[in-house]
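Right, one structure below, let's go through it.
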Amino acid sequence: MATTRQAHTVWEGNLIEGKGVVTFDSSGIGEYDVSWPSRSEAANGKTSPEELIAAAHSSCFSMALSHGLAGAGTPPTKLETKADVTFQPGTGITGIHLTVEGTVPGLDEATFVKAAEDAKANCPVSQALTGTTITLSAKLA
């Protein structure tokens, strides 16, 4: 069964001086301020589209890797994934780097790295972002 999730943004003003609020409608987890300076300079307590992509990518990748490892008979005890999304004003998103450290009893480093590469290539968020260079660093804890 397909699912659809919703969020919406209300933006006021022009790009440089304006501001907005992103609301997570499906989950109801809250509203978060966004602005051009929070996107192109320091976050200063506000979020950005890139931070939201990083959250989506790190969680999707972790789910895909967990599923792949469990399917291979080596379920992880813990996966800690970080996504760094780089934004260059005037150019756009120039890359995403995933870093994962896993605790997987009975698994060697090479097999973990291979599973992580597979998850990077096949998680739905990675597939949605195929126009962006995605790199990966993976290691066992």
Q) Would S26 and Q6 count as having a side-chain donor-acceptor pair, cut-off 3.5 Å? A) yes
Q: Report yes if some heavy atom in the side chain of L129 is under 4.5 Å from a heavy atom in the side chain of I53; otherwise report no.
A: yes
**Q.** For the student: nearest non-hydrogen atoms of S126 and H57, plus distance
**A.** OG-NE2, 2.7 Å
Q) Which residue pairs pass the ring-ring contact (aromatic ring centres under 6.0 Å, His included) test when at least one of the two sits in residues 79-107, sequence neighbours left out? A) W36-F87
**Q.** Taking every non-hydrogen atom, the tightest pair across A56 and V125
**A.** O-CG2, 3.9 Å
**Q.** Smallest separation among heavy atoms of W11 and S35, with atom names
**A.** CH2-CA, 3.9 Å
Q) With hydrophobic residues grouped by side-chain heavy-atom distances under 4.5 Å, do L107 and L65 end up in a single group? A) yes
Q. Are any non-hydrogen side-chain atoms of C123 and M63 less than 4.5 angstrom apart?
A. no
Q) Which pairs with one or both residues in residues 58-77 pass side chain to side chain donor-acceptor pair (under 3.5 Å), sequence neighbours excluded? A) S62-T81
Q: Could you check if a side-chain atom of L69 sits within less than 4.5 angstrom of a side-chain atom of P76, using non-hydrogen atoms only?
A: yes
Q) Can you find a heavy atom in the side chain of I93 that is under 4.5 Å from one in the side chain of E50? A) yes
Q: Give a yes or no answer on whether the side chain of K120 reaches the backbone of I134 with a donor-acceptor pair at less than 3.5 Å.
A: yes
Q) Considering all heavy atoms of both residues, which atom of A119 and which atom of F61 are nearest to each other, and what is their separation? A) CB-CE1, 3.7 Å
Q) Taking ILVMFWY side chains as joined if any heavy atoms are under 4.5 angstrom apart, and letting links pass through other members, which residues group with V113? A) none
Q: Let me see the working for R39 and V34 under side-chain contact (heavy atoms from CB on, under 4.5 Å), right down to the final yes or no.
A: CA-CA 8 Å; R39 185 177 193 184; V34 294; over 6 Å; no
Q) Can you name the closest pair of heavy atoms from P105 and P75 and give their distance? A) CD-O, 4.0 Å
Give the table of side-chain donor-acceptor pairs shorter than 3.5 Å for residues 13-23, with sequence neighbours excluded, one pair per line with atom names and distance.
from, atom 1, to, atom 2, distance (Å)
N14, OD1, I16, N, 3.2
N14, OD1, E17, N, 2.7

Q: Report yes if the side chains of L52 and T47 come closer than 4.5 Å at any heavy-atom pair, otherwise no.
A: yes
Q. Shortest non-hydrogen contact from D118 to N122?
A. OD1-ND2, 2.8 Å
Q. Taking atom CD of E80 and atom CD of E101, what is their separation to the nearest 0.5 Å?
A. 6.5 Å
Q) Quick one: are K82 and L98 in side-chain contact, heavy atoms under 4.5 Å? A) no
Q: Would you indicate whether the side-chain heavy atoms of I96 and T86 approach each other to under 4.5 Å?
A: no
Q. At what distance, to the nearest 0.5 angstrom, does CZ of F112 lie from CG of L79?
A. 5.5 Å
Q: Quick one: which residue pairs count as a ring-ring contact (aromatic ring centres under 6.0 Å, His included) with a foot in residues 113-134, not counting sequence neighbours?
A: none
Q) Taking only residues two or more places apart in sequence, or in another chain, which ones meet E109 in a salt bridge (Lys or Arg N to Asp or Glu O under 4.0 Å)? A) none
Q) For S137, does its backbone N or O pair with a side-chain atom of T99 as donor and acceptor, under 3.5 Å? A) no
